[in-house]
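So that the names make sense, note that chain A is the first sequence line, chain B the second, and so on, each numbered from 1.
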2 protein chains.
Amino acid sequence: MPAPRAITTGTAKESPPAYQQIKNFVLEKIQSGAWKEGDLIPTELALCETFKVSRMTVNRALRELTADQLLVRYKGSGTYVAQPKFQSTLIEIRSIAQDIRERGHRHSSKVLLLDSVRASELQARRYRIAPGALLFHSVIVHYENETAIQLEDRLVDAQAAPGYLEQDWAALTPNEYLMRVAPLPTGQYSIEVKLPNREVAAALDIAPTQPCLVMDRVTFSKNAFTSNATMWHPGNRYKFTGRY
Amino acid sequence: MPAPRAITTGTAKESPPAYQQIKNFVLEKIQSGAWKEGDLIPTELALCETFKVSRMTVNRALRELTADQLLVRYKGSGTYVAQPKFQSTLIEIRSIAQDIRERGHRHSSKVLLLDSVRASELQARRYRIAPGALLFHSVIVHYENETAIQLEDRLVDAQAAPGYLEQDWAALTPNEYLMRVAPLPTGQYSIEVKLPNREVAAALDIAPTQPCLVMDRVTFSKNAFTSNATMWHPGNRYKFTGRY
DNA sequence: TAGTGGTCTAGACCACAGC
DNA sequence: CTGTGGTCTAGACCACTAT
């Protein structure tokens, strides 16, 4: 491919920027199987010649593909096609309220409980806080139209969100509120199947024999515990879905 | 080069590259709340002065933060702190075999069924293929040590993976095989709770009353249907976990 | 030593936004 | 119009790898 870039030549219409064309070129090679996992691909200087661009432009293209985990690069050695990610699925769990609204339905919620507690020994270890530290506790049911689809049982660190008990949960979900007071969260999650206890079943208006999809999430902001949410979804009327 | 950058001054030890220091600076401003959602942040030229670096260096820092969805940028206008992503959780579901091995356990599998079928009208619509197209069908149980933890019921497009029926599934999982013949997959998934039918329950060695965590995934490569996998996990001995 | 990628500079031209 | 970000250049020095 002599490839005279054909990029801004003549009076041709707009074309993607050069770095994008190089990205597309590499993507096509990988997708077509011409370059396979582990293969050494052309050097930056070689691609500079091929595309008639400067090294910074090639570098940007390859760097972005590396950030996307499609390539791996080694100083002094070269650029290689990365190990495929074994069809790992990236799932995005969004705010329940946002999710419902995007389906064109109405979100509402009911606060079942709102108080404060002291951290137990077990909680202190799990959340990396001091035993006896003040925690706020909320239990809220979320409705899609008139149907309960999530019971959100949440513990919040009082220092991270001092105003937690005074919020208006009709206007803002705990999720949305916490994103404001504790940005850039990190943490862990699990998704599993559980049977609801009597209170959960009653709040969600399901039989105690109805298994639930339960997501548990512990979040930290600035390396300090922020919140632990346990979200119960009736298995007969809720599933996680998405694209990747 | 006048500009002694203040960054690598003196005989100080290694310091992160300039673009990373700028990223850290911006991250700290956001995390501390000094810059809030929607705020206009300093221009590239202003940051060039502050950090005594060239514009390309500042541009790289801000561009990467924009790719991470922490900033939004508008030509002619400026750079703003992005809307927070409402604690949306990115979940990575990996290859079952890889998952098991990383826990330090032994993965094995048993092929229960391997044959070919013709696409029904319903499948043809869902997969965007011709009715009657040739599909391969496999049912495989995956074991962690000696315990069944996943039943993988999979349909594969015969054109996308012609050699599917001849693979050695002890050496390579279908997932791993498909990543090689159909790279860069896209698609949809769902995660839900279901009761197993008699065959699934028997294969997983669970009671028919034991609810399962079921992940369904349809994948396309090069815009053509590749595979539809339905993965059943006993709810009493499996959960999805991860970090973000 | 020669070749690779990692980073950085000091300019440049462009499209677009707001005045 | 000025100021913003989007892209690009033609160099440069460095750390690292392979030989």
Side-chain angles (χ1 to χ4, degrees), chain A residues 3-26 38-82, chain B residues 1-9 11-26 35 38-82:
Chain A
R5 257 187 74 196
I7 293 184
T8 36
T9 48
T11 56
K13 324 176 145 202
E14 315 178 353
S15 57
Y19 77 88
Q20 186 60 56
Q21 296 190 35
I22 297 170
K23 287 179 71 170
N24 292 343
F25 171 80
V26 174
D39 282 1
L40 182 64
I41 79 165
T43 66
E44 293 191 347
L45 284 176
L47 289 168
C48 288
E49 296 236 326
T50 304
F51 286 91
K52 308 293 180 209
V53 297
S54 75
R55 203 186 135 210
M56 274 302 271
T57 301
V58 170
N59 181 268
R60 172 172 176 180
L62 299 186
R63 186 155 34 78
E64 291 184 358
L65 290 171
T66 302
D68 293 342
Q69 314 223 311
L70 290 165
L71 300 175
V72 284
R73 318 194 75 193
Y74 302 104
K75 255 193 285 202
S77 175
T79 302
Y80 303 81
V81 178
Chain B
M1 211 169 316
R5 257 187 68 198
I7 291 181
T8 38
T9 47
T11 56
K13 324 176 147 205
E14 316 178 352
S15 58
Y19 76 88
Q20 186 60 55
Q21 296 189 35
I22 298 168
K23 286 179 71 171
N24 291 344
F25 171 80
V26 174
W35 294 350
D39 282 0
L40 182 63
I41 78 166
T43 68
E44 293 191 348
L45 285 177
L47 290 169
C48 289
E49 296 234 327
T50 304
F51 286 91
K52 307 297 183 206
V53 297
S54 76
R55 204 187 133 207
M56 273 301 272
T57 302
V58 170
N59 180 267
R60 173 172 176 180
L62 298 186
R63 186 154 35 77
E64 291 183 359
L65 290 171
T66 303
D68 293 342
Q69 315 222 313
L70 290 165
L71 301 174
V72 284
R73 318 193 73 193
Y74 302 103
K75 256 193 284 203
S77 175
T79 302
Y80 303 81
V81 179

Heavy-atom pair with the smallest gap, counting every atom of A/G78 and A/Y80
O-CE1, 3.4 Å

How long is the line joining CZ of A/F51 and P of D/dA10, in whole Å?
17 Å

Nearest-angstrom distance from the residue atom CG of A/N59 to P of C/dT4:
14 Å

Considering only heavy side-chain atoms of B/T43, the closest of D/dT9, C/dG6, D/dT4 is D/dT4

For the side chain of A/M56, counting heavy atoms from C-beta on, which of C/dC8, C/dC16, D/dT7 is nearest?
C/dC8

Between B/Y74 and A/R63, which is nearer to the 5' end of DNA chain C once each is assigned its nearest nucleotide?
A/R63

To the nearest angstrom, the CD-C1' distance between A/E64 and D/dC8 comes to 14 Å

Protein-nucleotide distance (B/K75, atom NZ; D/dG5, atom C1'), rounded to Å
8 Å

Report yes or no: is there a donor-acceptor pair, N or O only, under 3.5 Å between the side chain of B/R55 and the base of D/dG6?
yes

Nearest-neighbour nucleotide for the A/T57 side chain, D/dC8, C/dT7, C/dA17 considered
D/dC8

Can you tell me how far C1' of D/dG5 sits from CG of B/L47, to the nearest Å?
13 Å

Correct closest heavy-atom pair for B/V72 and B/A82 would be CG1-CB, 4.2 Å

Sub-3.5 Å donor-acceptor pair from the side chain of B/Q21 to the main-chain atoms of B/P16, do we have one?
yes

Between C/dT7, D/dT7, D/dG5, spot the one nearest the side chain of B/E44, thanks.
D/dG5

Rounding to a whole Å, what distance do you find between B/L45:CG and C/dG11:P?
13 Å

Flag the pair A/R63 and A/E44 as a salt bridge only when some basic side-chain nitrogen lies within less than 4.0 angstrom of an acidic carboxylate oxygen.
no

Could you work out, with side chain to side chain contact (heavy atoms under 4.5 Å, CB included) as the rule, every residue matching B/T57, not counting sequence neighbours?
B/A18, B/Y19, B/I22, B/V53, B/S54

Picking from D/dG6, C/dT7, D/dT17, which would you name as closest to the side chain of B/R73?
D/dG6

Using the side-chain heavy atoms of B/S77, tell me which of these nucleotides is nearest: C/dA17, D/dA15, D/dG11.
C/dA17

If you compare every side-chain N and O of A/Y19 against the phosphate oxygens of D/dT7 (OP1, OP2), does one of them come in below 4.0 Å?
yes

Output the rounded distance in Å from CZ (A/R60) to P (C/dC8).
16 Å

